[in-house]
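Structure record follows, encoded as structure tokens.
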Amino acid sequence: MSQLFTPARTRGFLRVTAAAVALSSVLLITSCGAADESGGDAKATAALPAGFPVTVDNCGVRTTYDRPPSRVVTIHQHPAELMLALGLKDRMVGTAFPDSAVLPELKEDYEAVPELARKEPSFEKVLDAEPDFVYGGYGSAFAEKKGRSRTAFADAGIDTYLNREYCGKKKVTMEDTYDEVRTIGKIFGVPDRADKLVTDLKSRVGKAAGKVEGEPEVPVFVYDSGDKAAFTAGGKSLGTELIRLAGGENVFADLDDVFGDVSWEQVIERKPEVIAVYDYAGAGSVEQKKRFLLSQPALADVPAVRNKRFVVLPLTATLVGIRSAYAVDDLARGLHPESFR
């Protein structure tokens, strides 16, 4: 096998604006006046937005929000798309690390938010945007070695949230997607929007799954990257559930991990009929990946290679975020095209 792809995953002072200082002064004066008139506590409680305070436990970090965050930086694309799908563009002051083309219906709003970096931004770059909340998609969003730990942000007075897929849970399912949407909706004070979005996503999944119900399961091999070994989605990945819902079976569902390396000999032995190619920046283009697979003599008799049956999925569509519901439809059409004619 020729060499080609490798996996591509991988304040010191609090900034206070003059406006924030002024606001604090107003709140202090208001609070003092309220205390003089009626004891303070009742007035302070009445001043909180409806549904607040909200307490959220996220990956071992417990945070209580007295009001919705108003200046948000998202690191990685899937948190940004989720925020936009909830109609929260006005709260976003920065995005970073786009993995793939943005959903067409979100493209205009996404491009209206400043892009802080093509990869993960530095701690200082995030601070320059003066956020009160940072929402990370991959664990690398809060890489301690890069100075972006959640503790560092907390010390700067900034709340953080990490996509639940990276909280160390053993297996990721579509329920994690729905819970993620509801949690973000709760934090931002838009639970009704979150419930509506979850209903829409469930409907999208249900329609696609219904089209292929009763069809024979198609063996699918997920090709993320790799040349000497294949980096693929294991049984704990959301990808495995997406394939199942779409009328397929991940041939490496027995791999006890979210992602992992398998040998090409194993791929050959399991005879996948379709290859799901994950598309994301930094691991070679889809066309490069296809050429690599089609050019290997050892893979020539693998049904998916012999018949050139590929389904392309943006990596963002296989993560906990709104894209996962779209992925079920795309996969189902690729696995059972006759069901959509």
Side-chain angles (χ1 to χ4, degrees), residues 14-75 78-95 106 109-110 112-114 126-127 129-137 141 150 153-164 167 177-201 320-322:
L14 176 61
R15 297 169 183 263
V16 182
T17 63
V21 173
L23 177 59
S24 298
S25 299
V26 171
L27 290 174
L28 179 60
I29 293 168
T30 304
S31 175
C32 291
D36 289 343
E37 293 175 13
S38 57
D41 289 344
K43 288 284 187 180
T45 300
L48 293 177
F52 285 81
V54 165
T55 298
V56 172
D57 289 306
N58 169 242
C59 300
V61 177
R62 187 179 179 86
T63 306
T64 296
Y65 301 88
D66 291 331
R67 50 190 36 81
S70 61
R71 295 183 59 84
V72 182
V73 166
T74 57
I75 302 178
H78 47 303
E81 290 189 330
L82 196 158
M83 291 278 295
L84 293 172
L86 286 173
L88 296 170
K89 181 186 75 170
D90 61 326
R91 317 280 184 92
M92 298 171 67
V93 296
T95 64
L106 300 177
D109 284 346
Y110 186 89
V113 181
V126 176
L127 295 186
E130 299 184 338
D132 57 4
F133 184 89
V134 178
Y135 182 6
R150 297 184 73 176
F153 281 113
D155 289 344
I158 300 169
D159 293 323
T160 56
Y161 185 93
L162 178 60
N163 185 294
R164 68 187 56 234
C167 289
T177 288
Y178 305 142
D179 289 345
E180 182 87 352
V181 171
R182 291 191 185 101
T183 300
I184 296 301
K186 184 178 177 183
I187 290 172
F188 284 88
V190 290
D192 291 346
R193 294 185 205 172
D195 287 342
K196 182 179 184 302
L197 180 56
V198 167
T199 298
D200 291 346
L201 295 177
V320 170
I322 62 168

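- Shown here are the side-chain contact (heavy atoms from CB on, under 4.5 Å) partners of S70, two or more places apart in sequence or in another chain: D132.
- Residues D159 and V61 form no side-chain contact, since every pair of their non-hydrogen atoms from C-beta on lies 4.5 Å or further apart.
- Evaluation of the side-chain contact (heavy atoms from CB on, under 4.5 Å) rule for D66 yields L48, P53, T64 as partners, not counting sequence neighbours.
- Taking each heavy atom of A141 and G137 in turn, the nearest pair found is CB-N, 4.3 Å.
- Residues passing the side-chain contact (heavy atoms from CB on, under 4.5 Å) test with V113, sequence neighbours excluded: K89, M92, T95.
- Pairs of residues two or more places apart, or lying in two chains, that qualify as side chain to side chain donor-acceptor pair (under 3.5 Å) and include a residue from residues 181-195 are R164-T183.
- Counting heavy atoms from C-beta outward, F188 and V72 have side chains that approach closer than 4.5 Å.
- How far CG of L88 is from CE of M83: 4.5 Å, rounded to the nearest 0.5 Å.
- Nearest heavy atom pair, residue T177 against residue G321, reads CG2-O, 3.4 Å.
- Remark: R91 engages no residue in a side chain to side chain donor-acceptor pair (under 3.5 Å) (not counting sequence neighbours).
- Interatomic distance, I158 CD1 to R150 CZ, rounded to the nearest 0.5 Å: 13.0 Å.
- Judged as a side-chain contact (heavy atoms from CB on, under 4.5 Å), and not counting sequence neighbours, the contacts of A129 are V73, V93, L116, P131.
- Under the 4.5 Å side-chain criterion, counting only non-hydrogen atoms from C-beta, L197 is in contact with L201.
- Two residues are said to be in side-chain contact when any heavy atoms from C-beta on lie closer than 4.5 Å; F52 and P68 meet this criterion.
- With contacts defined as side-chain heavy-atom distances shorter than 4.5 Å, the pair L82/Y135 qualifies.
- With a 4.5 Å cut-off on side-chain heavy atoms, F133 and Y65 count as touching.
- No side-chain heavy atom of V320 sits less than 4.5 Å from a side-chain heavy atom of H78.
- From N58, atom CG reaches atom CD1 of I184 across 8.0 Å, with rounding to the nearest 0.5 Å.
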